[in-house]
There are 2 protein chains.
Amino acid sequence: MKLTQGADYGMAAVLYLSQKSEDRRYSLDEISRATEIPEEFLRKIFQTLVKSGVINSFKGRGGGVSLARSAKDITVAEVIKPLEEEMGLVRCLREKEDCPRSSECMASNFWRKTQQNFFEILNSTTIKDLIEGGKQNARKD
Amino acid sequence: MKLTQGADYGMAAVLYLSQKSEDRRYSLDEISRATEIPEEFLRKIFQTLVKSGVINSFKGRGGGVSLARSAKDITVAEVIKPLEEEMGLVRCLREKEDCPRSSECMASNFWRKTQQNFFEILNSTTIKDLIEGGKQNARKD
DNA sequence: TTATAATAAGACTAAATCAGTCCAATTAAG
DNA sequence: CTTAATTGGACTGATTTAGTCTTATTATAA
Ligand code: FES
Ligand code: FES
């Protein structure tokens with residue numbers, strides 16, 4: 001049960017941008033160097049985030065990437081979900097796959113709710129929360 | 001982000017046993033047939049669960065497996081954790097691995113708490129809860 | 001109008017992990 | 001002492017993950 005490296009890197013990259021001035025573009029080269037994420041891999045990650053609307057990118061000289069919205073309007077879920085292809089914790093929750101036991105399955109409901117609870121946390125936490133929280137994060141408790 | 005097939009199967013197998021009479025032993029052959037889990041794989045799963053104390057096994061003629069405790073005293077966590085080798089959602093939370101950005105990492109605390117919240121659910125839900133809950137599971141809400 | 005500095009898109013590859021199998025050894029019952 | 005079972009561990013094939021490479025495309029500036 002781990003998030004992919006891509007999702008993990010994605011968070012780091014978005015966090016990096018969020019801590020920098022918003023009115024500039026940052027080249028992949030620069031971000032890669034600063035975060036120690038392999039440049040070519042980082043490129044793919046950004047491509048995904050551009051498609052999902054979290055990041056804006058600009059080609060050509062002076063180009064680079066920037067946040068599409070301010071950090072307070074980007075949730076953790078918005079960064080993680082597009083980078084994490086398979087989000088079903090167990091078979092029951094993964095469409096395509098079907099399980100021979102699904103009819104008498106006593107676990108599916110439990111997992112569905114548990115997973116939902118997890119996503120609700122990701123949905124209700126913004127990148128800004130992470131930066132501000134610093135050491136005091138996740139759930140208002 | 002998915003649990004391994006082994007953990008998934010493990011739940012199914014334990015649920016199967018929990019719904020059967022407790023004072024008998026069940027051969028892998030029988031369980032494999034009933035649940036449609038490949039026998040050799042199921043064998044390995046039970047070996048793990050025996051080691052972690054959830055299942056009792058008996059060699060020889062008339063042998064087989066049974067729950068080590070009654071379903072109300074087995075939590076979901078006790079079944080999942082031993083079958084799921086890597087339980088750290090992100091790098092930050094996985095011992096061995098170290099991340100070049102760990103010092104300035106704004107995400108680690110968030111993930112730690114989120115993951116903890118997840119485990120608390122697994123810890124506070126028993127196999128009996130699943131069977132009884134049937135269609136009304138996960139968290140008291 | 002051309003050189004250059006950037007991202008886009010997608011094919012490709014290496015390594016790791018996962019899921020599953022096989023087999024020789026052990027144990028207990030009949 | 002034969003048979004029915006699990007044990008433990010090595011082994012394998014398939015899939016997924018992480019990362020790279022290569023060829024376009026686009027924008028800026030000299
Ligand atoms: S384990 Fe197959 S449907 Fe739940
Ligand atoms: S991402 Fe590396 S320590 Fe958090």
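We use all heavy atoms of the structure for the numbers below, so side chains are in, but hydrogens, waters and symmetry mates are not. Chain naming here is simple, since letters A, B, ... match the order of the sequence lines and numbering starts at 1 in each.
Figure legend: A/K51 and A/F46 shown without cation-pi pairing, the cationic atom not lying both under 6.0 angstrom from the six-membered ring centre and within 45 degrees of its axis. With a 6.0 Å cutoff to the six-membered ring centre and a 45° limit on the axis angle, A/K81 counts as a cation-pi contact of A/F119. Judged by a 6.0 Å distance limit and a 45° cone about the ring axis, B/R24 is positioned over the six-membered ring of B/Y26.
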Nucleotide by nucleotide, 5' to 3', does protein get under 4.0 Å of the base (B), only the sugar-phosphate (S), or neither (-) in nucleotides 10-17 of chain D, counting heavy atoms? -------S
B/S/- contact track for nucleotides 22-30 of chain D, protein heavy atom under 4.0 Å: ---BBBBS-
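Rounded to whole Å, atom P of C/dC23 lies 15 Å from atom CD of B/E39. For the pair A/L42 CG and D/dG19 C1', the computed distance is 12 Å after rounding to whole Å. Rounded to whole Å, atom P of C/dA25 lies 16 Å from atom CD of B/Q47. For B/R24 and D/dA5, the CZ to C1' distance is 14 Å, given to the nearest whole Å. Straight-line distance from the CD1 atom of B/I45 to the C1' atom of C/dT21: 13 Å, rounded to whole Å.
At a threshold of 4.5 Å between non-hydrogen side-chain atoms, the residues A/V90 and B/K2 do not count as touching.
Taking the charged nitrogens against the carboxylate oxygens, B/E132 and B/K128 do have a contact shorter than 4.0 Å, which makes a salt bridge. B/K44 has no carboxylate O lying under 4.0 Å from a charged side-chain N of B/E40, or vice versa, which leaves the two without a salt bridge. Under the 4.0 Å criterion applied to side-chain N and carboxylate O atoms, A/R69 and A/E78 are assigned as salt-bridge partners.
A/D129 and A/T126 form a side-chain donor-acceptor contact under 3.5 Å, judged by distance and modelled atom types alone. A/S27 and A/D29 form no side-chain donor-acceptor contact under 3.5 Å, judged by distance and modelled atom types alone.
Near DNA chain C, meaning a heavy atom under 4.0 Å from it, residues 27-38 of chain A has A/S27, A/L28 in order of number.
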